[in-house]
Amino acid sequence: EESHMMILAICGSESFLAKPLDEQLASPWVIYNPVYLAIMVICAASIASGKWVHAPLGQGGPVRDDETQVEREARIQWIYMSDGPFAMGAILQILDIIYELIFDEPVYDTAEALVIALAYIAGNYFFLRALTRRDVLETRIAILANATFAVGITIILIFGYVENGGFTYMSWDKEATWFLRALVVVMFVAATFVFAQLWNIHGPYVDASRSSVVDIFVLVLAAGLVWFSISLAVYFNGFAALWGAIARRRR
C-alpha cells in the first residue's frame, strides 16, 4: 500500500488519487502496467529492507502512538525507502573491502562509500528519534542535513553534465546513466519537500532544553562525514566519482 501511494503521489493524477484504494488497485492501468509493477517491486523491496534496518533499533513502527500522516509518510516512504538500499550497499561494500584486503587492492574508495552509507543511516536514525521525542531543534537539523545533501548532489549532477559536454558529446550508455542518476537526485529532492512539512510539526518554537547534546552532535557529525567523504571523492576523481562514493561496486 505504501509503495502504491508513493508511486501515485509522484506520477498519479488527482482524479485517480481520489478513487478508493481498492478501485485503484483493480484498475487495468495498475494490474497490466509493467512500468508500475517494476517500480512497485523496487519500492516494496527498498521499504521492507529499510524497515528491517530500523526495526532492531526500535524504529520499525510509528514514531509515537499519535504519529501524524506526514510523519508516517516521511518514515516509511522516504527514510525506510532510502536506508534500505544504503544498507544493502553497505553490505556489498563490506564484502568488497574483504575482497580487496585479501587480494591486496586499494580499499580507500570502497571505505569512503561505506562511511557515507553508514553515516546517512545514522543520521536518519536520529531523525526518527527527534520525531519520537518531538524535538523541534533536532528535527530541523535533520531536515537541513537532508536538504543540503539534495541540493549538493543536484549541483554535482549539473556540473557532471557540463563536464561531459552535454548530451551532444555523450554516448547512449552515458546518457542512460545520467538519466538514472537524475532520477536518484529527483527522489532526494522530493524527500526534502516532504521533510520540510515537518519543520513546525511540533510547534514553531525551539526549546533547547528538550534537545540532547549527544544526538545533535551525532546528527551534525553524520552529515559532516557524508560531505567530507563526497568532497574527497570529487576532489581526487572528478564529479563522476560522487556516484561511486554513494554506491561503490567492485570493478
Side-chain angles (χ1 to χ4, degrees), residues 1-12 17 21 24-25 30 33-63 67 69-96 113-129 131 142-143 145-147 149-150 152-154 157 176-198 222 226 230 242-249:
E1 180 182 339
E2 293 294 341
S3 301
H4 172 77
M5 296 308 297
M6 184 176 183
I7 295 170
L8 292 189
I10 296 173
C11 55
L17 283 167
L21 179 61
Q24 293 177 17
L25 295 175
V30 170
N33 188 333
V35 176
Y36 168 87
L37 294 175
I39 297 174
M40 171 65 83
V41 170
I42 294 171
C43 288
S46 298
I47 291 173
S49 58
K51 182 173 181 177
W52 294 337
V53 170
H54 285 273
L57 305 173
Q59 297 179 337
V63 293
E67 179 183 64
Q69 181 58 37
V70 68
E71 286 176 319
R72 175 183 171 85
E73 182 180 344
R75 174 175 60 86
I76 298 177
Q77 297 182 13
W78 300 104
I79 292 178
Y80 288 174
M81 177 74 179
S82 60
D83 284 1
F86 268 113
M88 290 186 285
I91 292 172
L92 292 176
Q93 288 145 14
I94 290 171
L95 295 176
D96 275 358
L114 182 60
V115 168
I116 290 172
L118 295 179
Y120 192 87
I121 293 171
N124 279 337
Y125 165 76
F126 283 96
F127 192 175
L128 291 177
R129 268 178 57 89
L131 293 176
I143 292 170
N146 278 278
F149 184 75
I153 61 174
T154 300
L157 181 74
T177 300
W178 190 90
F179 276 110
L180 287 174
R181 291 171 176 173
L183 286 175
V184 173
V185 170
V186 169
M187 293 296 291
F188 278 105
V189 172
T192 299
F193 283 100
V194 174
F195 294 153
Q197 299 175 52
L198 301 169
V226 168
I230 288 176
L242 166 69
W243 307 101
I246 291 178
R248 176 70 177 168
R249 294 291 183 273

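Remember, it's a predicted structure, so these values are computed and weren't measured experimentally. Each residue takes its place number in the sequence, starting with 1. Hydrogens, waters and symmetry mates play no part in the numbers below; they use all other heavy atoms, side chains included.
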**Item:** side chain to side chain contact (heavy atoms under 4.5 Å, CB included) partners for A191, two or more places apart
**Value:** W78, F195

**Item:** Separation between CZ of F86 and CD1 of I116, rounded to the nearest 0.5 Å
**Value:** 7.5 Å

Only pairs under 3.5 Å count here: list side-chain donor-acceptor contacts from residues 120-128, not counting sequence neighbours, and write none if there are none.
residue	atom	partner	partner atom	Å
Y120	OH	N146	OD1	3.2
N124	ND2	D83	OD1	2.8
N124	ND2	D83	OD2	3.4

**Request:** Using a 4.5 Å cut-off on heavy atoms from C-beta on, say whether the side chain of I79 contacts that of H54.
**Result:** yes

**Asked** What residues, two or more places apart in sequence or in another chain, satisfy side chain to side chain contact (heavy atoms under 4.5 Å, CB included) together with L37?
**Response** none

**Fill in**
side chain to side chain contact (heavy atoms under 4.5 Å, CB included) filter on V189, not counting sequence neighbours, yields A150, T154, V185, F193

**Prompt:** L198 and V70: which non-hydrogen atoms are nearest, and at how many Å?
**Reply:** CD2-CG1, 3.7 Å

**Item:** Partner set under side-chain hydrogen bond (donor to acceptor under 3.5 Å, both in side chains) for E67, not counting sequence neighbours
**Value:** R75

**Request:** Give the minimum heavy-atom separation between A90 and L118, together with the two atoms involved.
**Result:** CB-CD2, 4.3 Å

Can you give the donor-acceptor pairs under 3.5 Å from side chains of residues 42-51 to other protein atoms, not counting sequence neighbours?
residue	atom	partner	partner atom	Å
S46	OG	I42	O	2.9
S49	OG	A45	O	2.9
S49	OG	S46	O	3.0

**Message:** Can you give me the closest heavy-atom contact between A119 and V226, atom names plus distance?
**Reply:** CB-CG2, 3.7 Å

**Request:** Check V53 against A87 and note the closest heavy-atom contact, atom names and distance.
**Result:** CG2-CB, 3.3 Å

